[in-house]
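Labels below follow one simple rule: chain letters A, B, ... track the order of the sequence lines, proteins then strands, and each chain is numbered from 1.
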Amino acid sequence: MTPPQQAAASHLDGPALILAGPGSGKTRVITRRVAWLLVNGIPSWQVLALTFTNKAAGEMRERIDALLPDSMSNRRGLVVSTFHAFCARQLRTHAEHVGLEPGFSIYDTADQRSAMKEALNLANLDSGNWTPASMLSAVSNAKNELKNAELFEQEASDFYTRSVARAFRAYEGILQRNNAVDFDDLLLRTANLLRTNPEVRSQLQDRFRYVLIDEYQDTNHAQFVIADAIASAHGNLFVVGDPDQSIYGWRGADVGNILEFEEKYPGTLIIPLGRNFRSTGHIVAAASGLIQNNRRRKHKDLHTELGDGEPVRLCYCQDERHEAEQVAEAVRAAAARGVEYREMAVLYRVNALSRVLEDSLRGAGIPYVIARGTAFFARKEIKDALGYLRALSNPVDDVALSRIVNVPARQIGSRTLKAVERHALHRNLSLGAALEEAGEVEGLGARAVKSVGAFVGSFQRWRSILLNGHLAQLPGFVAQVITESGLEAMHLGSGDEDGLDRVANLNELVSAAAEFEMPAEEREGGDADGDSMEAAVPSLEEALRAFLESIALVSDQDAVDQSQGAVTLMTLHAAKGLEFELVSMVGLEEGLLPHARSHEGEHELEEERRLCYVGMTRSKSALHLSLAASRTIRGQRTRTVPSSFLGELPEEHLEVERLDGSGEFEDDYSIEYDPEFAEPSRGGGSGGFASRFPAGTVVRHPQFGIGTVQSISPRGTVSSARVSFHGIGTKTLILEYARLERVHGS
DNA sequence: TGGCCGTGACTTTTT
DNA sequence: GTCACGGCCA
């Protein structure tokens, strides 16, 4: 280890901030420091290490294991967990203090959407003007800042925020009735629990005397409050991160947490790790050249001693097919040189780009995997099966129950369901409870009552198995529900290949249940001191809860498995923290990287630049950047503009290859920025835009919602407008690209 | 009640 | 290209 690494890894007490550039060995430092603490006699159960993905947590656990001498095999109680899993666990343990039942559901985006739709109905907000997505993002932003519905309502002053507050309140009501939380709630409710409950707080403070946080630049305010609440008692907070790799600002991450760490924790030991052990010289220099264009940044030099290596290759291709073929060709060439497939990755800004790449890799006979851990669980058949399991685990989860009550079709159609829902509302019952008294529901025919009765019968039978079983029965139980619910038969019956695939997926879910291991902390029962408690065998109910929770909290990155002999395809976001010999980044075009949605502000553009930086620095020895002169976007062939980031890469580290034929990219440039060309449907020229949205116009933006135009100013061939959005603030938008709509009545 | 078909709206990144 | 929804018919 280098002296700075050594200093960081052997730090014992007090706050520490490790500014770790890409490839500077930060995982190494964290794992060594944990091992150091344990070797120095700190009991393992006093250490808490928090990460963002399960994969990172798992790797950290393994590497700590490998570092510890055999004589220290007892690491009982050491908690290495993701933030979200840690919070979920706290909420289950202290459920009674937060007004939840321990079997609460964790809603994913789809569940949130249906809950919000219902909330908009309840709040009498027309979903034409108030889309579930925009409401959810407003709610999510509020929660990340630790504002719950009441607080938000108190602060709501204008029409827009008051409407959001109504939706927010209705949405919270639904979650509460369904004994459910969303992702943001895991953090929000834990933070509030720690703030308002001194006993729980001091319990956690007493237990976790040493707190470590990885990827600290991506923490949001809620996460800061949680970590601070635990660490404030002793100040032993050790954080590792890199402001230049902050790429989750859109999700509420607050770079301020890392930039202002030393102010919040006086006496912080700050150690910058600038030496890169991963990449060769040209790659480091090119990436550094790029990131230096960011203004809001702590200056920090990155250097390598691995020699110059190969220059970064920049390839101009004709279209996305051609680009994908170049990628496949580069992969083949690297493989021929002896590089293993698992040491190669293809990175893109948006998932939609993976398709062409898959086609061309498949065509070339190159094995590949797509890093989308969430994709499997998002499949219809899997969501259905999980719907059953969730409804069984948490019988008041109406969102889950209504999803599956008539899948497969069992004569409980929309009319019946409406009637039962009305009954539930009147009697203040959950949907499940209302189904149980179907006989008393007004307007239900004998046939419907009978169908409902049959369903309720199966449901209760499963439920009693669940309540009486134990851990080992989990896979059998999952299989039983899949079979007896008729899900399996439904897909088998369809007879086509699709149906067989779905059955195979359902079987894979059973395998996942069989391979599922209860987290060690969970088995130890309490959070008190390490020894003395012999683990009781978890009940089937507890096992199912833990299984469902682990599924709810999977990330795309968890699916990255470099032990497979395959090239990995993934988004730039999912690539963070990983490294490969060969990295191909595709689609370096304006609108893609930087993404079109980021053209609206300096902060957003800088985040895109950091994203590009993260991608480039994944590469150890070969970095290929490419772009296509034209690309098919939703069926339409479109000319592209090279990414403005390309001009920021120092030329001496590049090797440019022009396979697009003409070499006329630059000449096309002026045409592309002509708004008439970019948006042919709108016509009328830029003057038209400016006159259509004079200052004072009330407008709607697809992302920011309702706002008022403050001023218009010409900007070359286009016009930029300052628009103040309710509850969001003022944004500078290019009228020609911002897809603004006038709101009637203004 | 259930399944089929057409339309149209929307496409960033994710714990 | 993709999904979600509404309308229509058996």
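Between the NE2 atom of A:H221 and the P atom of B:dT15 there is a distance of 23 Å, rounded to whole Å. For the pair A:L186 CG and B:dT15 P, the computed distance is 13 Å after rounding to whole Å. Counting to the nearest Å, the P atom of B:dT14 and the CG atom of A:N54 are 15 Å from each other. Distance, A:K55 NZ to B:dT14 P: 15 Å, rounded to whole Å. One atom, CG of A:N220, and another, P of B:dT14, lie 17 Å apart when rounded to the nearest Å. Rounding to whole angstrom units, CZ of residue A:F183 and C1' of B:dT13 are separated by 15 Å. For A:L592 and B:dT13, the CG to C1' distance is 12 Å, given to the nearest whole Å. Look at OH on A:Y248: it is 11 Å from P on B:dT13, rounded to the nearest Å.
OP1 or OP2 of B:dT14 has at least one side-chain nitrogen or oxygen of A:N351 nearer than 4.0 Å. OP1 and OP2 of B:dT1 both lie 4.0 Å or more from every side-chain N or O belonging to A:N406. For A:R355 and C:dT2, the shortest distance from a side-chain N or O to OP1 or OP2 is below 4.0 Å. Regarding contacts with the backbone of C:dG1, every side-chain N or O of A:T632 stays at 4.0 angstrom or more from both OP1 and OP2. For the OP1/OP2 pair of B:dT12 and a distance below 4.0 Å, the side-chain nitrogens and oxygens of A:R597 include at least one atom meeting the criterion. Listed pair A:T416 / B:dT1 meets the phosphate criterion, a side-chain N or O lying under 4.0 Å from OP1 or OP2.
Judged by distance alone, the side chain of A:D111 and the main-chain N or O of A:D108 form a donor-acceptor pair under 3.5 Å. Using modelled atom types, no side-chain atom of A:N144 and backbone atom of A:N141 make a donor-acceptor pair closer than 3.5 Å. Side-chain atoms of A:S458 come within 3.5 Å of backbone atoms of A:A454 as a donor-acceptor pair (strictly under, hydrogens ignored).
If you check B:dT15, C:dC5, B:dT12 against the side chain of A:V350, the one that comes closest is B:dT12. Picking from C:dC5, B:dT14, B:dG2 the nucleotide with the shortest atom distance to the side chain of A:S555 gives B:dT14. Distances from the side chain of A:A409 to the nucleotides B:dG3, B:dT14, C:dC5 place B:dG3 closest. Nearest to the side chain of A:R349, among B:dT12, C:dC5, B:dT15, sits B:dT12.
Not a single donor-acceptor contact under 3.5 angstrom links the side-chain atoms of A:R415 to the base of B:dT1.
Going from the C1' atom of C:dA4 to that of B:dT13 covers 23 Å, rounded to whole Å.
In this structure, A:H573 and A:Y248 have tilted ring planes: the angle between them lies in the 30° to 60° band. Relative orientation of the A:F83 and A:F52 rings is tilted, given thresholds of 30° and 60° on the angle between their planes.
At a threshold of 4.0 angstrom between heavy atoms, the contacts of A:R410 are confined to the sugar-phosphate backbone, with no base atom among them. A:A352 comes within 4.0 angstrom of nothing in the nucleic acid, heavy atoms only.
Residue pairs satisfying the side-chain hydrogen bond (donor to acceptor under 3.5 Å, both in side chains) criterion with at least one member in residues 441-455 of chain A, sequence neighbours excluded, are listed as follows: A:Q411-A:R447.
Taking a cutoff of 4.0 Å between a charged side-chain nitrogen and a carboxylate oxygen, A:E549 and A:R89 do not qualify as a salt bridge.
Under the side chain to side chain donor-acceptor pair (under 3.5 Å) rule, A:K143 has a single partner from A:N148, A:D182, A:D184, which is A:D182.
By the 5.5 Å and 30° criteria, A:H595 is stacked with the base of B:dT12. In this structure, A:F83 does not pack face-to-face on the six-membered ring of B:dT15, missing the 5.5 Å centre cutoff or the 30° plane limit.
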Pairs under 3.5 Å (Watson-Crick or G-U), crossing ones as [ ], inter-strand ones as |: DNA chain C comes out as .|||||||||
